[in-house]
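Below you'll find the structure, written out as structure tokens, and then a few comments.
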Amino acid sequence: MSDIVQTVKNKDPHENEFQQAVSEVMVSIKPVMDRNPEYRSAKILERLVEPERVIMFRVPWMDDQGEVHVNRGFRIEMNSAIGPYKGGLRFHPSVNLSILKFLAFEQVFKNALTTLPMGGGKGGSDFDPKGKSDNEVMRFCQSFMCELFRHIGPNTDVPAGDIGVGAREIGYLFGMYKRLCNEFTGVLTGKSLNWGGSLIRPEATGYGSVYFAAEMLATQNDSLEGKVCLVSGSGNVAQFTAEKLLELGGKVVTFSDSSGYIYDEEGIDKEKLAYVMRLKNVKRGRIKEYTDKFSSAVYSPVDANADSNPLWNHKADCAFPSATQNEINGKDAQNLVNNKVKLVSEGANMPTSPEGIDIFIENDILYGPGKAANAGGVSVSGLEMTQNSMRLSWTREEVDSRLKMIMNSIHKTCLEAAEQYDTPGNYMNGANIAGFVKVVDAMLDQGVV
Ligand code: NDP
Ligand code: 2IT
């Protein structure tokens with residue numbers, strides 16, 4: 001197994017995030033490989049770490065002043081063993097092949113866990129939507145789709161949102177796809193409600209992460225009632241994590257963005273959350289502005305180069321990292337443990353560094369890894385695809401109850417797989433093993449392709 005990690009390192013030595021994601025899975029699945037020699041002879045691991053296709057393209061666009069800019073566009077079509085490629089698009093200046101390959105790799109296992117027929121993919125651009133006008137974002141999205149459209153389709157590859165890509169961007173992307181293909185079809189998910197979107201899709205990742213947390217606590221006859229919760233980020237996932245936590249009796253005390261974080265000792269109630277939603281989704285402002293409105297909160301800037309993030313050093317029962325990868329390092333994890341945190345549910349993808357994960361597991365923290373805990377988003381994307389194919393829309397209650405069922409099933413599957421491979425309660429191993437077995441069995445059935 002370490003051979004595979006070494007091969008990945010030799011082939012693409014600079015792709016740190018991809019190596020990190022691969023290493024984690026390889027450690028978990030070692031006992032599965034030992035019990036199933038046929039996986040080895042079919043070169044399953046070598047095939048899993050090589051994307052089926054990587055598309056990389058130029059995205060030229062013009063700003064409001066008439067100046068031309070050039071960004072890079074990407075789509076990683078990682079694995080289609082159990083369904084069409086499925087996964088989000090990320091627009092953020094940090095986007096590169098390493099980040100998108102890690103995200104696409106994790107997506108393969110995550111999508112397998114959802115119980116729905118979806119393969120794994122991810123894409124995006126190093127375009128930064130921050131500070132851009134709506135027209136600039138529209139022109140960028142149109143240019144991006146002018147290349148992407150030839151690679152995707154409702155039965156081929158179905159992108160959605162991720163960091164920097166929400167309902168606005170999906171709308172512009174869909175408009176251009178429809179114009180180019182002359183076809184109204186469910187080629188993207190996260191669409192607005194009145195033209196093919198699903199109820200609960202905006203809420204799904206955050207709600208799902210909280211449903212997963214509630215399931216983990218239930219194994220110890222505990223609940224979210226009265227729990228003090230740290231939430232990072234203040235975007236889509238963070239907002240709906242907070243909304244569901246409030247509904248289930250939790251107390252949310254933090255939100256952040258890439259500049260800093262707010263700590264509100266009195267708790268972020270429904271009214272304050274509504275303010276954050278307006279601030280972030282309509283005004284596209286910064287989280288710092290929260291303190292202008294609510295004097296109970298303190299804002300602290302965050303230094304990305306510091307050895308720890310003070311957000312994770314507040315007294316709390318539960319942590320919901322919902323911003324970005326590697327936002328909890330070893331020191332942050334130790335701080336959380338020292339402060340007696342019981343549970344970590346990852347709304348973000350790979351938010352905890354490998355050192356951090358080891359610390360959580362050594363200390364018996366209820367640790368829900370991203371590919372399980374945040375699978376609610378892509379699950380409801382899968383339900384959106386189903387509704388599009390059937391040309392009907394389910395009610396809020398219908399979608400929410402399916403989401404809950406799927407999260408419960410993922411939780412159960414992780415526990416069973418962890419138990420079967422002698423690491424009871426280890427959700428990371430459980431998620432990696434269960435996702436892996438489903439995908440590689442399909443690959444074996446389909447021959448050497
Ligand atoms: P949004 O763009 O809505 O929000 C992202 C939030 O994270 C913002 O508050 C942003 O702050 C912050 N953030 C982004 N990059 C950094 C960084 N480098 N350092 C610190 N903070 C950062 O994205 P989402 O809420 O959709 O995504 C959040 C996480 O959840 C990501 O890891 C994503 O992959 C994952 N995820 C999302 C799903 C979805 O359905 N949307 C599904 C499953 C996982 P700022 O505004 O300053 O950039
Ligand atoms: O990381 C993820 O699962 C997402 N960004 C959502 C993907 C999707 O297709 O809804």
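Ligands are counted one by one from 1 in listed order, and the atoms in each one are counted from 1 as well.
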Exercise. Counting N and O atoms only, with roles assigned by atom type, does the side chain of Ser192 sit under 3.5 Å from a partner on the main chain of Asn194, one being a donor and the other an acceptor?
Worked result: no
Problem set entry | Selected option - heavy-atom contact closest to atom 40 (O) of ligand 1, from Thr189, Asn349, Thr205 | Thr205
For this session: Return yes if some donor-acceptor pair links the side-chain N/O of Asn309 with the main-chain N/O of Ile328 below 3.5 Å, else return no.
Result: no
Exercise. Does Lys251 use its side chain to pair, donor to acceptor, with the backbone of Glu265 at less than 3.5 Å?
Worked result: yes
Problem set entry | Ser256 heavy atom under 4.0 Å from ligand 1 | yes
Exercise. When you measure from atom 1 (P) of ligand 1 to each heavy atom in Ser258, Gly235, Ser322, Pro321, which option holds the nearest one?
Worked result: Gly235
For this session: Would you confirm whether Lys293, through its side chain, and Tyr275, through its main-chain N or O, come within 3.5 Å as a donor-acceptor pair?
Result: no
For this session: Measure from atom 17 (C) of ligand 1 to every heavy atom in Asn281, Thr324, Thr241, Val380 and give the option owning the shortest one.
Result: Thr324
Problem set entry | Top protein contact for atom 10 (O) of ligand 2, by heavy-atom distance | Ser381 OG, 2.5 Å
For this session: Closest by any non-hydrogen atom to atom 29 (C) of ligand 1: pick that one out of Ser379, Ala323, Gly377.
Result: Ala323
Exercise. Any protein heavy atom sitting closer than 4.0 Å to atom 10 (C) of ligand 1?
Worked result: no
Problem set entry | Shortest protein heavy-atom distance from atom 33 (C) of ligand 1, along with the residue and atom involved | Asp162 OD1, 3.2 Å
For this session: May I ask whether Lys130 has any heavy atom positioned less than 4.0 angstrom from an atom of ligand 1?
Result: yes
Problem set entry | Pair Tyr172 and Phe144, ring centroids less than 6.0 Å apart | no
For this session: For the pair Thr254 (side chain) and Ile262 (backbone), establish whether a donor and an acceptor sit closer than 3.5 Å, ignoring hydrogens and angles.
Result: no
For this session: Identify whether NZ of Lys or CZ of Arg in Lys178 sits under 6.0 Å from the centre of the six-membered ring of Phe184 and within 45° of that ring's axis.
Result: no
Problem set entry | Under 3.5 Å donor-acceptor, Glu52 side chain and Glu77 backbone | no
Problem set entry | Nearest protein heavy atom with distance in Å, relative to atom 2 (O) of ligand 1 | Gly164 N, 2.9 Å
For this session: Indicate whether any N or O donor in one side chain lies under 3.5 Å from an N or O acceptor in the other, for Lys280 and Asn236.
Result: no
Problem set entry | Distance-only N or O hit between ligand 1 and Lys110, under 3.5 Å | no
Exercise. Is there a donor-acceptor pair under 3.5 Å between the side chain of Thr395 and the backbone N or O of Glu398?
Worked result: yes
For this session: Would you confirm whether the ring centroid of Phe102 sits within less than 6.0 angstrom of the ring centroid of Phe18?
Result: no
Exercise. For the rings on Tyr85 and His151, is their centre-to-centre separation under 6.0 Å?
Worked result: no
For this session: Nearest heavy atom to atom 30 (O) of ligand 1 wins, so pick from Pro129, Pro93, Gly347, Ser209.
Result: Gly347
Exercise. Just which atoms of ligand 2 are under 4.0 Å from any heavy atom in Ala160?
Worked result: 8 (C), 9 (O), 10 (O)
For this session: Around atom 46 (O) of ligand 1, find the nearest protein heavy atom and jot down its residue, atom name and distance.
Result: Arg286 NH1, 3.3 Å
Exercise. For ligand 2, which atoms, with element, lie under 4.0 Å from some heavy atom of Gly88?
Worked result: 7 (C)
Exercise. To which protein heavy atom is atom 23 (O) of ligand 1 closest, and what is the distance rounded to 0.1 Å?
Worked result: Ile163 CA, 3.4 Å
For this session: Taking the side chain as every heavy atom from C-beta outward, state whether Glu15 and Ile99 have any atom pair closer than 4.5 Å.
Result: no
Exercise. Is the closest heavy-atom distance from Arg90 to ligand 1 below 4.0 Å?
Worked result: yes
Exercise. N/O to N/O below 3.5 Å, does that happen between Lys280 and ligand 1?
Worked result: no
For this session: Determine whether any heavy atom of Gly161 lies closer than 4.0 Å to an atom of ligand 2.
Result: yes
Problem set entry | Proximal ligand 2 atoms for Gly87, defined as those under 4.0 Å from one of its heavy atoms | 7 (C), 9 (O)
Exercise. When you look at Tyr427 and His411, which way does the ring pair (Phe, Tyr, Trp, His ring centres under 6.0 Å) test go after all the steps?
Worked result: CA-CA 8 Å; Tyr427 290 93; His411 177 266; 5.2 Å; yes
Exercise. Considering only heavy atoms of Gly233, which atoms of ligand 1 have at least one such atom less than 4.0 Å away?
Worked result: 9 (O)
Exercise. Strictly under 6.0 Å, is that where the ring centroids of Phe57 and Phe74 end up?
Worked result: no
Exercise. Does any donor atom in the side chain of Arg201 or Ser381 lie under 3.5 Å from an acceptor atom in the other side chain?
Worked result: yes
Exercise. Of the listed options (Lys122, Lys86, Arg201, Lys110), which comes nearest to atom 6 (C) of ligand 2 when hydrogens are ignored and any heavy atom counts?
Worked result: Arg201
Exercise. Can you list the atoms of ligand 1 that are under 4.0 Å from a heavy atom of Ala348?
Worked result: 29 (C), 30 (O), 32 (O), 35 (C)
Exercise. Does Asn236 reach ligand 1 with a nitrogen or oxygen that is under 3.5 Å from one of the ligand's nitrogen or oxygen atoms?
Worked result: yes
Exercise. Which of the listed options, Asp162, Leu103, Asn374, Thr114, holds the heavy atom that is closest to atom 5 (N) of ligand 2?
Worked result: Asp162
Exercise. Taking the non-hydrogen atoms of His92, is any one of them nearer than 4.0 angstrom to ligand 1?
Worked result: yes
Problem set entry | contact_flag Glu327 ligand 1 heavy-atom lt 4.0 Å | no
Exercise. Is Lys122 positioned over the aromatic face of Phe105, cation under 6.0 angstrom from the ring centre and no more than 45 degrees off axis?
Worked result: no
For this session: Examine the proximity of ligand 2 to Asn349 and report which part, side chain or backbone, both or neither, has a heavy atom under 4.0 Å away.
Result: side chain
For this session: Output yes when the distance from some N or O of ligand 1 to some N or O of Arg201 is under 3.5 Å, and no in every other case.
Result: yes
Exercise. Do any N/O atoms on Ser234 end up under 3.5 angstrom from N/O atoms on ligand 1?
Worked result: yes
Problem set entry | Any N or O of Val237 closer than 3.5 Å to N or O of ligand 1 | yes
Exercise. Will you find, in the side chains of Asn349 and Lys371, an N or O donor that is under 3.5 Å from an N or O acceptor?
Worked result: no
